[in-house]
Amino acid sequence: MIKRHSSPLAASARLAPVLGVGSYSPAEASRLIRMPAATVRRWLGGYSYNEDGERREVAPLWAPQLPAIDDRLELGFRDLIELRFVHSLTMLGLGLNTIRQCFAYAAECVGDARPFSTNRFRTDGRSIFLDTIRNAGADELLDLRKRQYVIKDVVEQSFKDLDFEGDAVARWRPFDGKRSIVIDPNRSFGQPIAERYGVTTTVLAAAAEAEGSIERAAWAYELPASIVRDAVLFEQQLGAA
């Protein structure tokens, strides 16, 4: 859901940069990527901690596409895709320090500030990661031969449901790669929508619940029942995560 601000100036300032970029709060990103919102805030907002009586600051993994609004973190579509990939790497067991090093190296290699959502990384991601791991600490070098194949699979799986325009990710098909539902930063501020009809999945799922059936909701919105069914199933998937 897009936040509304009481100040017209604040609203217009927020609207201008998000057209074609998408807009997500940490909670919205958390729901779509299925990871804790607190982790989203730590990774892209940075954090601090005390060690031996000293306050230490940890920088964000990268600078978000959108400026913070009243100190509240705001993410763009490319941030969302990068976060999704980083999350899959942590699930693989790679540490954030290694991921941070890889991000910096990949950004240099592909010439993009958000390298994990580029076509170049799709083709060269495994070699970039392995080069980084070879230069990392001994712990990350354990079982490197096995990691080669695992990392290759993670990279390939991460790009299967993405559409590209030029060298960058343009759209994400988050419902098991099906074409019925898309996340496109140029439409509905990047919220999940029924691709051919432009209605958000949250609206369609709510309509099905309110109408008491998928068929009645489809009739009300003048679109196929199969589209409403996919929207309902997609929202159920997100809710169950």
Any Lys/Arg nitrogen of [X] or [Y] sitting under 4.0 Å from an Asp/Glu carboxylate oxygen of the other?
X	Y	value
Asp230	Arg179	no
Glu51	Arg56	yes
Glu195	Arg171	no
Arg114	Asp79	yes
Asp176	Lys160	no

Under a 3.5 Å distance rule, please check whether [X] uses its side chain to pair with a backbone N or O of [Y] as donor and acceptor.
X	Y	result
Glu215	Ala225	no
Glu28	Ser25	yes
Arg100	Pro60	yes
Ser158	Val154	yes
Ser213	Arg216	yes
Thr201	Glu235	no
Glu82	Ser117	yes
Arg120	Cys109	yes

Using side-chain heavy atoms (C-beta onward) and a distance below 4.5 Å, is [X] in contact with [Y]?
X	Y	value
Asp124	Val110	no
Leu32	Pro192	yes
Glu74	Gln65	no
Ile193	Arg187	yes

Donor-acceptor pair between Trp172 and Asp184 side chains, under 3.5 angstrom: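 No.
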For Thr202, check side chain to side chain donor-acceptor pair (under 3.5 Å) against everything at least two apart and list the hits.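 If we apply the side chain to side chain donor-acceptor pair (under 3.5 Å) test to Thr202, skipping adjacent residues, the hits are Thr200.
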Counting neighbours of CD on Glu57 that are heavy atoms of other residues, nucleotides or ligands and sit closer than 6.0 Å, is the number greater than 12?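 Atom CD in Glu57 is crowded, with more than 12 foreign heavy atoms closer than 6.0 Å.
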May I ask you to check whether over 12 heavy atoms, not counting those of Arg42, lie within 6.0 Å of atom CZ?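 It does not: Arg42 CZ has 12 such atoms or fewer within range.
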Give the minimum heavy-atom separation between Phe164 and Asn119, together with the two atoms involved.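 Distance-wise, the nearest heavy atoms are CE2-N, 3.2 Å.
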Please round to the nearest 0.5 Å and tell me the distance separating atom CH2 of Trp43 and atom NE2 of His87.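 Going from the CH2 atom of Trp43 to the NE2 atom of His87 covers 6.5 Å.
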For the CZ atom of Phe129 and the CZ atom of Phe116, what is their distance to the nearest 0.5 Å?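 Atom-to-atom, Phe129:CZ and Phe116:CZ are 4.0 Å apart.
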